[in-house]
2 protein chains.
Amino acid sequence: MRYTTPTAGGQPSLQVLLWRRALDPHVGRWSLPGGRLRPDEDVETSIRRQLAEKVDIKQLTHVEQLAVFSDPHRVPGPRVVATAFLGLVPSDVDPEVPEDTAWHPVDELPRTAFDHEAIVLRARDRLRAKLSYTNVGFALAPREFTISALRDHYSAALGYRVSATNLQRVLSRRGLLVATGSTAPSGRAGGRPAALYSFAHDDMQVTDPFAVFKPPARTTGARARTRAPRRDAVT
Amino acid sequence: MRYTTPTAGGQPSLQVLLWRRALDPHVGRWSLPGGRLRPDEDVETSIRRQLAEKVDIKQLTHVEQLAVFSDPHRVPGPRVVATAFLGLVPSDVDPEVPEDTAWHPVDELPRTAFDHEAIVLRARDRLRAKLSYTNVGFALAPREFTISALRDHYSAALGYRVSATNLQRVLSRRGLLVATGSTAPSGRAGGRPAALYSFAHDDMQVTDPFAVFKPPARTTGARARTRAPRRDAVT
DNA sequence: TCAAAAGTGTTTGTATTACACCCATGC
DNA sequence: GCATGGGTGTAATACAAACACTTTTGA
């Protein structure tokens, strides 16, 4: 998935790369890229290979397992067990994709093959949840960005307007933003030039580990960064 | 998994049911219950069947997919792809388990077969995280319980002391607790008899959906339960 | 000088922890 | 009555949403 401003008009949005099926079953419908697992690779290696080979996506900033889809009738014929992944591509790279593939807004999916719509929605929901309590945002944004550009990414992915002001503060408090020192030129309408930031880390980390039930705070003195002990990502 | 007070002394703790391997490879080591997926069932049906057949666990209060483990060398011989699950059994049922199986504290695992230790730890971490932002607690506790009993369940699962006072309040505020009206007899040392509670729901729900980035609050008036819209569980 | 966009200060609301204190029971 | 838990009242803290206000640019 990816945050994209489509060339042909339309709103910028969170989009997913789909592949138009040339063969039956479900000719003409759109499906997720993927393929068979080879005996000598694990599932993550496999999905990275498939994306690189078939759709030339090599710059995945984040990949994570979603779930196994195994309904005996999810595809016609002999049962196929699929391990679904969420993969993110930053908004500034525009991979060359084959003729028969295209990016589609996740909120206006075309007719999809098999259970792929359910899979895409599951991925979208996972991304939404993680934007809240992890730093996955880094995987959608370019290396350097302005806060308002980042705001647009978050807004598109979450599906509601996010305030740049508060986004700034939350990410700063969590120590995720690094000011690069430079600024972006202001637009033709004028306006104060925006400062450029980058993310402090380029791998996913849980930044808001405990919603509740924090373990007892053992900070006797010194208000110095009493972050709760690092907790494993939820998947 | 399950919260258990072991009969043979020892601390009550979060325990996992393991199975002692009778055959090579890894004879004598402990492994997770499981087995082959049949062509006509999905993975969840399969794991429920395996548990029912082999170890007579029929009273699973919660089951969820964990992840796929697919390293080509995770088991000797031809590669086996495993879909791991987290399954919870309430503390008041004590299923008949076969001779060669036993409950083991997740924090003092015996020598396990294959990658099963990693799987168990992954399950533990998932449970810990979800205790915080969902109502999974219901799956560990009996139908009726006192707050301090529940506190012990949470403490064992989380690995640190939880305050009964605050547990009460958090769960109450979220509308998860229902007072049954009756009380438990006080212990032989006296003490005020504890009120009995039960959980309001018996399926898992996300109770603390947004850590941050809540969508704009559109409550113009009436302070009436402005819970954020229900958000999909993170797996 | 004015409009536009970025960024800061400050208030408000609310969830959660921490802790002191009151309550009900057995002996 | 007194020890032993159970339960409530009430601060202190922290985080984030909302919004007014200041800053910096282009025309």
Side-chain angles (χ1 to χ4, degrees), chain A residues 131-133 145-152 154 158 160-177 179 182-197 207-228, chain B residues 131-133 145-152 154 158 160-177 179 182-197 207-228:
Chain A
L131 279 174
S132 221
Y133 68 91
F145 49 83
T146 64
I147 296 296
S148 32
L150 188 64
R151 184 258 310 274
D152 293 340
Y154 273 79
L158 292 172
Y160 53 81
R161 208 84 205 126
V162 170
S163 138
T165 301
N166 293 332
L167 182 63
Q168 234 275 28
R169 287 222 247 264
V170 170
L171 298 184
S172 293
R173 184 177 23 237
R174 293 179 173 178
L176 300 182
L177 290 181
S182 45
T183 55
S186 49
R188 58 202 152 298
R192 176 172 170 175
L196 285 172
Y197 291 85
T207 54
D208 188 42
F210 296 95
V212 283
F213 305 146
K214 298 184 177 52
R218 52 195 64 278
T219 352
T220 14
R223 273 274 4 76
R225 203 69 187 131
T226 318
R227 204 60 191 162
Chain B
L131 280 174
S132 220
Y133 68 92
F145 49 84
T146 64
I147 297 296
S148 31
L150 188 65
R151 183 259 312 273
D152 294 340
Y154 273 80
L158 291 172
Y160 53 81
R161 209 84 205 125
V162 170
S163 139
T165 303
N166 294 332
L167 182 63
Q168 234 275 30
R169 287 222 246 265
V170 170
L171 298 184
S172 293
R173 185 180 20 240
R174 292 178 173 180
L176 300 182
L177 289 181
S182 44
T183 55
S186 48
R188 59 202 150 297
R192 174 171 171 177
L196 286 172
Y197 291 85
T207 55
D208 189 43
F210 296 93
V212 284
F213 306 144
K214 298 184 177 50
R218 53 194 63 277
T219 354
T220 14
R223 272 277 2 77
R225 203 72 186 126
T226 316
R227 204 63 192 160

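Below, chain A is the first sequence line, B the second, and so on; all start at residue 1. Reckoned from all heavy atoms, side chains included, excluding hydrogens, waters and symmetry mates.
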Trainee: Minimum heavy-atom separation for A/Ala184 to A/Leu196, with atom names?
Mentor: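 Where A/Ala184 meets A/Leu196 most closely, the heavy atoms are N-CG, 4.0 Å.
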
Trainee: Any base atoms under 4.0 Å from B/Ala164, or only sugar-phosphate, or nothing? Heavy atoms, all strands.
Mentor: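 Since no nucleic acid heavy atom lies under 4.0 Å of B/Ala164, the category is nothing.
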
Trainee: Quick check for you: among D/dT24, D/dG7, C/dA6, whose closest atom lies nearest to any side-chain atom of A/Pro193?
Mentor: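 Selected nucleotide (nearest to the side chain): D/dT24.
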
Trainee: Starting at atom CZ of A/Arg173, determine the distance to atom P of D/dT13, rounded to an integer number of angstrom.
Mentor: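 After rounding, the reported distance stands at 17 Å.
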
Trainee: Does a side-chain N or O of B/Arg174 approach OP1 or OP2 of C/dT16 to a distance below 4.0 Å, or not?
Mentor: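 The answer is yes; a side-chain N or O of B/Arg174 sits under 4.0 Å from OP1 or OP2.
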
Trainee: In whole Å, what is the span from the CG atom of B/Leu171 to the C1' atom of C/dT17?
Mentor: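 For the pair B/Leu171 CG and C/dT17 C1', the rounded distance is 15 Å.
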
Trainee: Among the candidates C/dT8, D/dA16, C/dA24, find the nucleotide nearest to the side-chain atoms of A/Val170.
Mentor: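 Among the listed nucleotides, the one closest to the side chain of A/Val170 is D/dA16.
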
Trainee: Within the pair A/Gln168 and C/dG7, is there a side-chain N or O less than 4.0 Å away from OP1 or OP2?
Mentor: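 False: A/Gln168 side-chain N/O out of range (4.0 Å or more) of C/dG7 OP1/OP2.
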
Trainee: Would you mind reading off the distance between B/Tyr154 atom OH and C/dT16 atom P, rounded to a whole angstrom?
Mentor: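 In whole Å, C/dT16 P lies 13 Å from B/Tyr154 OH.
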
Trainee: Atom CZ of B/Arg161 to atom C1' of C/dA18: distance rounded to whole Å?
Mentor: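 Atom CZ in B/Arg161 sits about 16 Å away from atom C1' in C/dA18.
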
Trainee: How many Å lie between OH on A/Tyr133 and P on D/dA16, as a whole number?
Mentor: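 In whole Å, D/dA16 P and A/Tyr133 OH are 16 Å from each other.
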
Trainee: So which nucleotide from C/dC19, D/dG6, D/dA17 ends up closest to the side chain of B/Lys214?
Mentor: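 Nucleotide nearest to B/Lys214's side chain: D/dA17.
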
Trainee: To the side chain of B/Ala194, which of C/dT8, D/dG6, C/dT16 is closest?
Mentor: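 Taking heavy atoms from C-beta onward, the closest nucleotide is D/dG6.
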
Trainee: Record whether the side chain of B/Arg169 comes under 3.5 Å of the base of D/dG9 through a donor-acceptor pair of N or O atoms.
Mentor: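 Between D/dG9 and B/Arg169, which were checked side chain against base, a qualifying N/O pair under 3.5 Å is present.
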
Trainee: Atom CG of B/Leu158 and atom P of C/dT17: how far apart are they, to the nearest Å?
Mentor: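 Whole-Å distance recorded here is 11 Å.
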
Trainee: What is the distance, to the nearest angstrom, from the CZ atom on B/Arg151 to the P atom on D/dG7?
Mentor: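 From B/Arg151 CZ to D/dG7 P: 11 Å.
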
Trainee: Assign each of A/Arg192 and A/Ser163 to its nearest nucleotide of DNA chain D by heavy atoms, then name whichever residue's nucleotide is nearer the 5' end.
Mentor: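 Of the two residues, A/Ser163 wins.
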
Trainee: Testing the basics here: between B/Leu131 and B/Tyr154, what is the closest heavy-atom pair and its distance to 0.1 Å?
Mentor: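 Minimum heavy-atom contact is CD2-CE2, 3.6 Å.
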
Trainee: Would you say A/Ser148 reaches C/dA6's phosphate, i.e. side-chain N/O to OP1/OP2 under 4.0 Å?
Mentor: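 Checking A/Ser148 against C/dA6: at least one side-chain N or O falls below 4.0 Å of OP1 or OP2.
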
Trainee: From B/Leu177 CG over to B/Ile147 CD1, what is the distance, rounded to the nearest 0.5 angstrom?
Mentor: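 One finds 5.0 Å between CG of B/Leu177 and CD1 of B/Ile147.
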
Trainee: Between A/Thr183 and A/Ala194, is there a donor-acceptor pair closer than 3.5 Å when you use the side chain of the first and the backbone of the second?
Mentor: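 Such a contact is absent between A/Thr183 side chain and A/Ala194 backbone.
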
Trainee: Looking at OG of B/Ser172 and CG of B/Asn166, how far apart are the two atoms once the value is rounded to the nearest 0.5 Å?
Mentor: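 So the OG of B/Ser172 and the CG of B/Asn166 are separated by 11.0 Å.
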
Trainee: On DNA chain C, compare the nucleotides closest to A/Ile147 and A/Gly191; which residue's is nearer the 5' end?
Mentor: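 This one resolves to A/Gly191.
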
Trainee: Measure CZ/A/Phe145 against C1'/C/dA6 and give the value in whole Å, please.
Mentor: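 Taking atom C1' of C/dA6 as the reference, CZ of A/Phe145 is at 15 Å.
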
Trainee: Can you tell which of C/dA18, C/dA24, C/dG7 lies closest to the side chain of B/Asn166?
Mentor: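 Of the options given, the side chain of B/Asn166 lies nearest C/dA18.
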
